Trainee: 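This is the structure I want to talk about, given as structure tokens.
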Amino acid sequence: MPSIDDLAGLDLRVGTVRRCEPNTGARDPALSLWIDVGGSTVQSSAKVTDRYEPEDLVGRQLVVVCGFDPIRVGGFRSDVLVLGALTDGGVVLISPDAPVHPGARIA
């Protein structure tokens, strides 16, 4: 069973989407996101096309997990994991309820 120390070991941050476009190389429909996490831009491929269009996400703040080794999704480098809630209608992205500085740590 996971402990509170396991959660504390994750690098959870708020990022602001700066660019978003379809990930045409992905096996399942996905979006390629470029996310400002405070001083650097990271990339992520996210299967969120059931609820979001690329233009919906530019400027939006999201919660991401940093610190993983990058993986490739359909030829696109994915540095972080974008967090969302699984629903019958697709993934609902997790966001702060007020603007915060990109890169702010989740406590």
Side-chain angles (χ1 to χ4, degrees):
M1 172 174 266
S3 72
I4 193 72
D5 293 330
D6 294 323
L7 180 60
L10 295 176
D11 185 6
L12 300 167
R13 296 183 182 265
V14 173
T16 303
V17 178
R18 298 298 183 205
R19 181 175 157 200
C20 183
E21 59 191 46
N23 182 347
T24 57
R27 185 174 347 159
D28 296 321
L31 296 177
S32 297
L33 298 100
W34 288 261
I35 303 166
D36 175 2
V37 290
S40 65
T41 299
V42 295
Q43 298 179 180
S44 186
S45 179
K47 292 180 10 177
V48 296
T49 56
D50 289 338
R51 296 186 53 90
Y52 304 98
E53 296 293 328
E55 59 271 13
D56 298 333
L57 298 181
V58 175
R60 184 174 177 144
Q61 292 197 299
L62 310 171
V63 176
V64 300
V65 183
C66 299
F68 293 125
D69 289 333
I71 62 169
R72 297 207 77 70
V73 178
F76 183 77
R77 188 186 81 240
S78 192
D79 305 310
V80 298
L81 176 65
V82 173
L83 295 184
L86 300 174
T87 72
D88 291 339
V91 175
V92 176
L93 295 169
I94 298 173
S95 300
D97 68 356
V100 298
H101 181 73
R105 292 189 65 110
I106 303 297

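Keep in mind that the numbers below use all heavy atoms, side chains included, and drop hydrogens, waters and symmetry copies. Model, not experiment: these values are computed from the prediction.
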Trainee: Tell me if a side-chain donor or acceptor on Y52 pairs with a main-chain N or O of L31 at a distance below 3.5 Å.
Mentor: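 Looks like no, no N/O pair under 3.5 Å.
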Trainee: Got more than 12 heavy atoms from elsewhere within 6.0 Å of CG, L7?
Mentor: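 Enclosed.
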Trainee: Begin from the C-alpha positions of T41 and R19 and carry the test side chain to side chain contact (heavy atoms under 4.5 Å, CB included) through to its verdict.
Mentor: CA-CA 10 Å; T41 299; R19 181 175 157 200; over 6 Å; no
Trainee: How close do T16 and G59 get, heavy atom to heavy atom, and via which atoms?
Mentor: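 So the two residues come closest at CG2-O, 3.8 Å.
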Trainee: For residues V48 and L81: do they belong to one hydrophobic cluster (side chain heavy atoms under 4.5 Å, members Ile, Leu, Val, Met, Phe, Trp, Tyr)?
Mentor: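 No.
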Trainee: Are any side-chain N or O atoms of N23 and backbone N or O atoms of F76, one a donor and one an acceptor, separated by less than 3.5 Å?
Mentor: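 No.
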Trainee: Hydrophobic cluster membership, with links at side-chain heavy-atom distances under 4.5 Å among I/L/V/M/F/W/Y: are F68 and V14 in one?
Mentor: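 Yes, F68 connects to V14 through the hydrophobic network.
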Trainee: Might you point out which heavy atoms bring P29 and T49 nearest each other, and give the distance in Å?
Mentor: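 Heavy atoms only, the tightest pair is CB-OG1, 3.3 Å.
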Trainee: Check the hydrophobic clustering (I, L, V, M, F, W, Y; side-chain heavy atoms under 4.5 Å; chains of links allowed) and say if L93 and V42 are grouped together.
Mentor: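 Yes, L93 connects to V42 through the hydrophobic network.
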Trainee: Would a distance-only check, ignoring hydrogens and angles, find a side-chain to backbone donor-acceptor pair under 3.5 Å from S45 to S78?
Mentor: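 No, because the side chain of S45 does not come within donor-acceptor range (under 3.5 Å) of the backbone of S78.
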Trainee: Just by distance, do the side chain of S95 and the backbone of Q61 share a donor-acceptor pair under 3.5 Å?
Mentor: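 Yes, because the side chain of S95 sits within donor-acceptor range (under 3.5 Å) of the backbone of Q61.
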Trainee: Which pair of non-hydrogen atoms, one from G103 and one from R13, has the smallest distance, and what is that distance?
Mentor: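 What the structure gives for the nearest pair is O-NH1, 2.9 Å.
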Trainee: Identify the heavy atoms of R51 and V92 that sit nearest to each other, and give their distance.
Mentor: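 Looks like NE-CG2, 3.4 Å.
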Trainee: Looking at V80, is its backbone amide N or carbonyl O close enough to the side chain of S44 to form a donor-acceptor pair, meaning the two atoms are under 3.5 Å apart?
Mentor: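 Yes.
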Trainee: Within the distance-only criterion (no hydrogens, no angle test), does the side chain of D79 pair as donor or acceptor with the backbone N or O of Q43 below 3.5 angstrom?
Mentor: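 Yes: the side chain of D79 pairs with the backbone of Q43.
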Trainee: Rounded to the nearest 0.5 Å, what separation is found between the CZ atom of R60 and the CD atom of E55?
Mentor: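 Here the rounded value is 13.0 Å.
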Trainee: Apply side chain to side chain contact (heavy atoms under 4.5 Å, CB included) to R105 and D11, showing your working.
Mentor: CA-CA 7 Å; R105 292 189 65 110; D11 185 6; 3.5 Å; yes
Trainee: Give every donor-acceptor pair under 3.5 Å between a side-chain atom in residues 82-90 and any protein atom, sequence neighbours left out.
Mentor:
| residue | atom | partner | partner atom | Å |
| --- | --- | --- | --- | --- |
| T87 | OG1 | G89 | N | 3.2 |
| T87 | OG1 | G90 | N | 3.3 |
| T87 | OG1 | G90 | O | 2.4 |

Trainee: Taking a hydrophobic cluster as the set of Ile, Leu, Val, Met, Phe, Trp and Tyr residues connected by side-chain heavy atoms closer than 4.5 Å, whether directly or through intermediates, do V100 and L57 fall within one such cluster?
Mentor: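 Per the 4.5 Å side-chain linkage, V100 and L57 are not co-clustered.
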Trainee: To the nearest 0.5 Å, how far apart are CD in E21 and CG in L33?
Mentor: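 Between atom CD of E21 and atom CG of L33 there are 9.5 Å.
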Trainee: Are V64 and L12 connected into the same hydrophobic cluster when the rule is that any two of I, L, V, M, F, W, Y join if their side-chain heavy atoms are below 4.5 Å apart?
Mentor: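 Different clusters: L12 never reaches V64 through Ile, Leu, Val, Met, Phe, Trp or Tyr contacts under 4.5 Å.
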Trainee: Can you check side chain to side chain contact (heavy atoms under 4.5 Å, CB included) on I106 and V63, steps first, answer last?
Mentor: CA-CA 8 Å; I106 303 297; V63 176; 4.0 Å; yes
